[in-house]
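A short write-up of the structure that comes next.
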Amino acid sequence: MQKKKQTIIPIAAATMLVAVLFLSGGAGLVQGAGLAEVKRDFEEVCSNSTNGEHLGKEELQKLIIRCDKLKPRIEGLDDTDRRFYLRRLKSCRDLYQFMIDTTEPEKPASAPTPAAK
Amino acid sequence: MKKYAVAVSFLFLAVLISFSALAQTGVKKKRPRPQDYGKVVLNAFSEKAGLSGVVFNHWLHRSKFTCRLCHIDIGFGMKAGSTGIRAADNMKGYYCGACHKAGGKANFEACTKKNNSDYPKRCDRCHSLGKVVAFEYEFSAYTAKFPKERYGSGIDWEKAEADGTIKLSDFVEGLSIKKQQLTQSKELELVPKVEGMPDIIFSHTKHTVWNGCAVCHPDIFVGVKKGTTKYTMVEIFEGKYCGACHGNVAFPLMDCQRCHTKHVS
Amino acid sequence: MPYKTRILTLLIIAGAAAAFTLYVLGGREASAKYDIPKALPPEEYGNIVIDRLSTKNGEKPVSFSHWIHRKKHTCRVCHTELEFNMKTNTTEITEAANRQGKFCGACHNGKEHDGVQMFGHTDKTQCSKCHNGNRSAGKDKFKELANLPKNKYGNGVDWSRAVEQGLIKPQHRHTDKPLEADIDKTLKLEAEWFSIPPAIFPHKSHTAWLDCSNCHPDIFNIKKRTTKHFVMSRLLAGEFCGVCHLAVAFPMDDCKRCHPAVVK
């Protein structure tokens, strides 16, 4: 019985050590992989920032929902990446919201032309 | 208690009057020289890190890149200090480091830790506030063949692009995303409140070619539907709305007829 | 002295000291002596000597006459289109810039302009036409203004009336399309002192000569609050109306021109 313990404990410790090393070493890889995925999804969601005017309200709302889903993933990135992508995401999301606000149907009276004083 | 109130209000009044006596109104303001027009000082962290503030002149970058590339794709804020750029960001390939990196578009690296034998002198190239630095490009020589116009930097950037003098890049590898084709937006006619002042014809086309949509919307122009129905000249001169760019980077506001173009008969 | 009174006295003294010091530094109200340009004979009024670089480069300073030029061009042409500053020696005029057609060189380029052969930097024998350091240069031409309506001060000429009567036709543009602003607002400006009648400011007679940007927003901020400093003492110190109406446009000696109800 004691002989078994003597072999099991070192094996268990070694396994744990390898696991810890793998995970910590792999954390960088995981992080990198995370960033690459975020970048890919960000590109997909925000590539409509130049033609959003011609998307319907529903389409724009879907894009906003996707922006909101992307936000927590960006918040999980490291400091530099996080600050950068949060800023770009905000710009993209705010623009889509602006497009929804601007392309709402006109009221019966003609829309006021911005008047400068 | 009353005496205190009197004393405090007297002191307050004295300070107020003194400050107003020094307020520089009533004379023409000193205009920046063409090479200094569009100069921005970035100093959120430089001095704290023991370096001088960064002096960024728009004219050189403007001759190579669209406004949109730096202000949207690369994420620079529209106000100095609002981006909060650190050396670590640059070293990681963000902000200035998007181009100013090893193998990047620019010909020198920003904030690199390599070759530290000439640190901090090497940094003076950008961190030049208060220093006399010889720059690689000199304004009048570089812009000698550019079409000219009055005020601001004295360059007609629109014409320079139209006649091929400058070719602007709108993409940086690693940070720019593929975008859909930019759509045409409306021209707007803005009617001034002051009678006799010609209407403003605002061209979306001319602006979106360089800015896309996100530079202005919604941060600078939140839109009529949200309740903004007037842009006063007072606000514009203070840097809001058109003044965000046409205050000190794009052609300046002192050229009234650049915008007030449509005569009202 | 009780503690509270001591504090009170100190506060009052500190306040007075601060106000006094800053007024002196500001140089506005503290002294009654203003730095008003000395009275010049009519043919010299509005003439300036420009010496930013001339003497440093071994040339005599430039003498520039406003009345010679204002017969032919409005203020707008030089001070907006050609980017001349309002303050002498602050515009970065150089020989090179002139040769490139900037500043004086826009017209003074050795070519024909409006049927007149213009002198310029192209001919070395003509340097002294400008580089003569003599404020009264060109006074022999002054008799050409003899037929224009008279005015008591300054050049002795009522320039506005001269334009109204068609005796002079100063060009309002050089190469520009003019700003077709048609502002006709007349302002009534209440005087600081109770015994002085209000000043009447007509936009029309100013926009005939000037561009909006010549005055707005630097000299006259359209934000009304900032014109609370718009008082006579500051005008005489060269601010607001004093930017022009001390040494170039009709001088402020002529109270009735602005305060028409003044009884002399």
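At a threshold of 4.0 Å, the pair B:Lys92-A:Asp79 does not count as salt-bridged, since none of the basic side-chain nitrogens sits closer than that to a carboxylate oxygen.
No more than 12 heavy atoms of other residues, nucleotides or ligands shown are found within 6.0 angstrom of CD on B:Glu195. No more than 12 heavy atoms of other residues, nucleotides or ligands lie within 6.0 Å of NZ in B:Lys206, so this atom counts as exposed by the packing criterion.
When all heavy atoms are compared, the tightest approach of A:Tyr85 to B:Gly174 is OH-O, 4.4 Å. Nearest approach of B:Leu175 to A:Arg88, heavy atoms of both residues: O-NH1, 2.6 Å. The two residues B:Lys178 and A:Glu43 come nearest to each other via the heavy atoms N-OE2, 3.2 Å.
At a 4.5 Å heavy-atom cutoff, the contact between B:Phe221 and chain A is made by backbone atoms alone. For B:Val222, the part sitting under 4.5 Å from any heavy atom of chain A is the backbone (N, CA, C, O) and nothing else. If you measure heavy-atom distances from A:Cys46 to chain B, the contacts under 4.5 Å come from both the backbone and the side chain. Using a 4.5 Å cut-off between heavy atoms, B:Thr208 does not touch chain A at all.
Once rounded to the nearest 0.5 Å, the distance linking SG of B:Cys213 with CG of A:Asn48 reads 11.0 Å. In this structure, the separation between NE2 on B:His217 and CD on A:Gln97 is 14.5 Å, given to the nearest 0.5 Å. In this structure, A:Phe42 CZ and B:Ile177 CD1 are separated by 5.0 Å, a value rounded to the nearest 0.5 Å.
Interface check for chain A: of the options B:Ala214, B:Gly223, B:Gly212, the most heavy-atom pairs under 4.5 Å are formed by B:Ala214.
Taking non-hydrogen atoms and a 4.5 Å limit, the residue list of residues 65-82 of chain B in contact with chain A, ordered by number, reads B:Ile72, B:Asp73, B:Ile74, B:Gly75, B:Phe76, B:Gly77, B:Ser82.
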